[in-house]
Amino acid sequence: MKVRIYKDAEQAGKAAATLIGAQLIRKPDSVLGLATGSSPIPIYDELIRMYREGAISFAQATSFNLDEYVGIAEDHPCSYHYFMQEKLFEYVDMRPDAIHVPDGNAENPQAFAAAYDWAIERAGGIDLQVLGIGRNGHIGFNEPGDHFIRGCHVVDLTESTITANQRFFENRDQVPRQAMSLGIEAILKAKTVVLIATGKDKAQAVRDAIHGEITPQVQASILQGHPDVYWMLDEAAASLL
Ligand code: GLP
């Protein structure tokens, strides 16, 4: 695994965006796996800047987002659909029909999840997967547990994730208790993984994932088995390495 340490979140984000920009230049019709949360925001800011400069284009790219809450509307300001529009898609030339985000309100979630995995396979798999990491070591919403879950699935969020994500909502009661998340298989099959982690709250999870045992209790530790992972860290997130 390639561990890169930057002064702050902005520098880490810019460097991660450069990797994604390089991917789009090398392969304009790349399949991108995209993530939400506060960590990737500097990445999207920089990608928008690169697009405006004419350095990159998303016109031929396809995207699949990692996860979405269950039970809130797509146009809810805390939904990941909304997040992606607001932080990236509104400002770049991605074709609307090339954008995919799990449907947290699917009538038949299991059928939707299976179709989502299949759509990724049909698109040729993910070329580059952007990831954040939860304070409990989760990737996407693959929460700590006694096994890794292969496919896209509905998950009960842990108390620690509900607490961590409370800051985006008016109060704790409003935080959804479930989400739909890509499983570990599609993430591991991505040709390249770019994980961004910033801030001291992430330091323990980063350390456990990189140097700890490979265990479903720290879902990101499975990335030790991936041949092309970039850990893009700021000094705070790297402070326990
Ligand atoms: C969220 C998302 C993850 C994200 C993580 C960290 O709940 N499901 O995809 O990586 O938690 O979020 P943040 O970057 O805001 O700390």
Side-chain angles (χ1 to χ4, degrees), residues 6 8-10 12-13 16-17 20 32-46 63-72 76-84 86-88 100-104 113 116 126 128-145 148-149 152-169 172 174-184 186-188 190 193-206 208-210 218-223 229-234 236-238:
Y6 300 87
D8 54 31
E10 194 189 332
I20 299 162
L32 301 177
L34 298 179
T36 52
S38 40
S39 314
I41 293 176
I43 300 182
Y44 298 143
D45 288 346
E46 178 67 5
S63 73
F64 289 91
N65 259 80
L66 265 178
D67 47 18
E68 177 58 287
Y69 288 117
V70 167
I72 56 174
H76 187 291
C78 294
S79 83
Y80 289 167
H81 277 82
Y82 189 95
F83 176 100
M84 289 309 300
E86 207 198 11
K87 302 292 186 217
L88 181 67
H100 305 84
V101 182
D103 179 0
Y116 199 72
I126 294 166
L128 184 150
Q129 176 68 55
V130 178
L131 291 179
I133 185 170
R135 287 152 190 75
N136 62 8
H138 73 206
I139 44 178
F141 271 128
N142 290 282
E143 294 281 48
F148 294 102
I149 300 178
C152 185
H153 60 284
V154 171
V155 54
D156 293 330
L157 301 179
T158 59
E159 288 301 317
S160 70
T161 295
I162 293 166
T163 302
N165 290 4
Q166 189 179 334
R167 67 192 196 278
F168 298 110
F169 293 82
R172 192 184 168 84
Q174 293 192 0
V175 187
R177 270 30 186 185
Q178 286 191 312
M180 185 178 287
S181 178
L182 217 55
I184 291 300
I187 296 172
L188 277 183
V193 174
V194 175
L195 188 151
I196 182 156
T198 54
K200 69 172 179 358
D201 284 1
K202 302 294 175 69
Q204 188 65 48
V206 165
D208 291 347
I210 294 177
V218 181
Q219 293 272 324
S221 65
I222 194 116
L223 296 173
V229 182
Y230 290 85
W231 285 83
M232 309 300 277
L233 310 174
D234 70 354

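When a ligand or atom number is given, it counts from 1 through the structure's own listing order. Just so it is clear, the structure is predicted and the values come from calculations on it, not from any experiment.
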Hey, does S38 come in under 3.5 Å of ligand 1, counting only N/O atoms on both sides?
yes
Once you measure the plane-to-plane angle for Y116 and H100, does it fall in the parallel (<30°), tilted (30-60°) or perpendicular (>60°) bin?
perpendicular
Are F168 and Y69 close enough, and set up right, to give a ring-ring contact (aromatic ring centres under 6.0 Å, His included), and what steps lead you there?
CA-CA 13 Å; F168 298 110; Y69 288 117; 8.6 Å; no
Is it the side chain, the backbone, both or neither of Y80 that has a heavy atom closer than 4.0 Å to ligand 1?
side chain
Assess R167 for proximity to ligand 1: is some non-hydrogen atom of it under 4.0 Å away?
yes
As a check for students: among D201, D67, L195, identify the option with a heavy atom nearest to atom 9 (O) of ligand 1.
D67
Quick one: look up the protein heavy atom nearest atom 12 (O) of ligand 1 and list residue, atom name and how far away it is.
G37 CA, 4.0 Å
Can you tell me the protein heavy atom closest to atom 3 (C) of ligand 1 and the distance?
G140 O, 3.5 Å
By salt bridge (charged side-chain N to carboxylate O under 4.0 Å, His left out) - contacts of D201 (at least two apart)
R135
Counting only heavy atoms, which portion of I133 has something under 4.0 Å from ligand 1: side chain, backbone, both, or neither?
backbone
Counting from 1, what ligand 1 atoms have a heavy atom of N165 closer than 4.0 Å?
1 (C), 7 (O)
In the protein, which heavy atom is nearest to atom 16 (O) of ligand 1, and how far is it?
K202 NZ, 2.6 Å
Is ligand 1 under 4.0 Å from a heavy atom in the side chain of S39, in the backbone, in both, or in neither?
both
Residue list, side-chain hydrogen bond (donor to acceptor under 3.5 Å, both in side chains) with Q174, at least two apart or on another chain
none
Please report the shortest heavy-atom distance between T198 and K202, naming the atom on each side.
O-CG, 3.5 Å
Please write down residue, atom name and distance for the protein heavy atom closest to atom 4 (C) of ligand 1.
T36 O, 4.0 Å
